[in-house]
Protein chains: 2
Amino acid sequence: MKSRYAVRALTELARLERSQAGRLVRLSEVAERRGVPLQFLEQVFAALRRGGVVRSRRGASGGYTLARPADETTVLDVVVALDGVPAPAECGQGPCDQIDRCGASSVWIEAQQALEGVLAETTIGDLLRREDALGDAAPMYHI
Amino acid sequence: MKSRYAVRALTELARLERSQAGRLVRLSEVAERRGVPLQFLEQVFAALRRGGVVRSRRGASGGYTLARPADETTVLDVVVALDGVPAPAECGQGPCDQIDRCGASSVWIEAQQALEGVLAETTIGDLLRREDALGDAAPMYHI
DNA sequence: CGATTCCCGAGTATTCCAGTCAAGATTACG
DNA sequence: CGTAATCTTGACTGGAATACTCGGGAATCG
């Protein structure tokens, strides 16, 4: 949920980085462009920093930058940094005791792996390119 | 979350149905075997009935039965009946306005489709067979 | 120094979820 | 018919998570 904000913000960050190489990007700039409350973004980016997705420098003319190139930063990295690893397959805790022998749990595990697969194969760079393509061409199709 | 209880309960229901053809299954029976609070199961099965997954008859010697054969009842059916269709890709509501043109949203849509794919390909019958296999063979591997 | 920017912890208002309670409706069977 | 068994419904609750907000503190640059 908050991952969605993060992904969009990171895409914007990647775009700004591309146009002004070297310079750090202010959070207020991103917040304004995407219409997200600044103080909420601060909280999100703090978590992203702890997760090693972005790096920061503070003080005047400080800001954020991607820790790795946009094409090596996956959406899964972002989700893990924010919401923790998605675990719809908690086995070994309360509900899974001797009675059912984890046969029913296998679906959730497979589902989780499928989900992680998609998230791990998509990078921020991909999204930036997709956004560029949409911006050039069509009017907006609200799915 | 509550889908997990439902899937396990339905697996148990399928097993009981298999052994006593024709007879309806009491919820209290399922609840006891899986150690789930009865009144919670009632609530879950009410939703399953509205979703067309199970059928019921009330009164003495009433109970529940699968609406379709176990091999034609998918896990996706269950999840949809309980939590509604999983929609990590809400587009057209608040957060997705003109600024980002849904380029970033494509990941969530793909993720959702991958997840639905897995859930739609697994049936209650599959799970029952998996559980049987585990019961025969190994001690329990808590994943 | 002082402006700018990130950083952090606490606070809040709302929403969601697991589980409970109590009473009503329907059927079976004697 | 009457009674017991069983499903059906709806409201309710306590706790957790979520989406923010606020206010101040710390680093860095000019």
Side-chain angles (χ1 to χ4, degrees), chain A residues 1-10 13 16 20 22-32 34-67 79 81-84 86-88 90 93-96, chain B residues 1-9 13 16 22-32 34-67 79 81-84 86-88 90 93-96:
Chain A
M1 316 285 181
K2 115 171 60 171
S3 306
R4 212 148 357 165
Y5 279 142
V7 167
R8 292 204 280 163
L10 285 175
L13 194 155
L16 289 172
Q20 340 158 344
R23 223 205 64 190
L24 294 184
V25 179
R26 263 165 300 160
L27 220 47
S28 52
E29 208 169 345
V30 179
E32 190 186 355
R34 305 302 259 226
V36 179
L38 171 64
Q39 300 194 300
F40 185 45
L41 259 199
E42 283 181 348
Q43 185 175 335
V44 168
F45 270 69
L48 288 177
R49 194 184 64 87
R50 273 172 242 133
V53 178
V54 298
R55 265 187 302 221
S56 65
R57 214 178 56 209
R58 45 185 174 179
S61 81
Y64 283 95
T65 182
L66 284 174
V79 172
L82 290 180
D83 299 332
E90 279 156 22
Q93 211 172 356
C96 179
Chain B
M1 316 292 178
K2 114 171 61 172
S3 306
R4 212 152 351 168
Y5 280 143
V7 167
R8 292 204 280 162
L13 194 155
L16 290 173
R23 225 205 63 190
L24 294 183
V25 179
R26 262 165 302 163
L27 269 193
S28 51
E29 209 168 344
V30 179
E32 190 187 354
R34 306 301 258 224
V36 180
L38 170 66
Q39 300 195 300
F40 185 48
L41 260 198
E42 284 178 349
Q43 184 175 336
V44 168
F45 270 69
L48 288 177
R49 195 185 68 87
R50 273 174 242 131
V53 177
V54 298
R55 264 187 304 219
S56 66
R57 214 178 58 205
R58 41 187 175 177
S61 80
Y64 284 93
T65 182
L66 286 173
V79 172
L82 290 180
D83 298 331
E90 278 156 22
Q93 211 171 356
C96 178

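No hydrogens, no waters, no symmetry mates; every other heavy atom, side chains included, goes into these values. Proteins get letters first, then strands, A, B, ... in listed order; numbering begins at 1 in each. Here the structure is a predicted model, which is why all the values come from computation and not from measurement.
Distance check, rounded to the nearest 0.5 Å: CG of B/L24 to CZ of B/R57 gives 5.0 Å. Note that the CG atom of A/L82 and the CZ atom of A/R50 stand 10.0 Å from one another [nearest 0.5 Å]. The CD atom of A/E32 sits 10.5 Å away from the CG atom of A/L38 when rounded to the nearest 0.5 Å. To the nearest 0.5 Å, atom CG of residue A/L13 and atom CZ of residue A/R34 are 10.5 Å apart.
Nearest heavy-atom pair across B/G52 and B/A67 is O-CB, 3.4 Å.
Chain B approaches DNA chain D over the interval D/dA5 to D/dT9, counting the first and last nucleotide 5' to 3' with an atom under 4.0 Å from its heavy atoms.
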Check the pair A/L10 / A/L48 against side chain to side chain contact (heavy atoms under 4.5 Å, CB included), numbers first and verdict last. CA-CA 10 Å; A/L10 285 175; A/L48 288 177; 4.1 Å; yes
Going 5' to 3' through nucleotides 1-18 of chain C and flagging B where a protein heavy-atom sits under 4.0 Å of the base, S where only the sugar-phosphate is that close, and - otherwise, we get ---BBBBS---------S
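When the side-chain contact (heavy atoms from CB on, under 4.5 Å) test is applied to B/S56, the partners found at least two apart in sequence or on another chain are B/R49, B/Y64.
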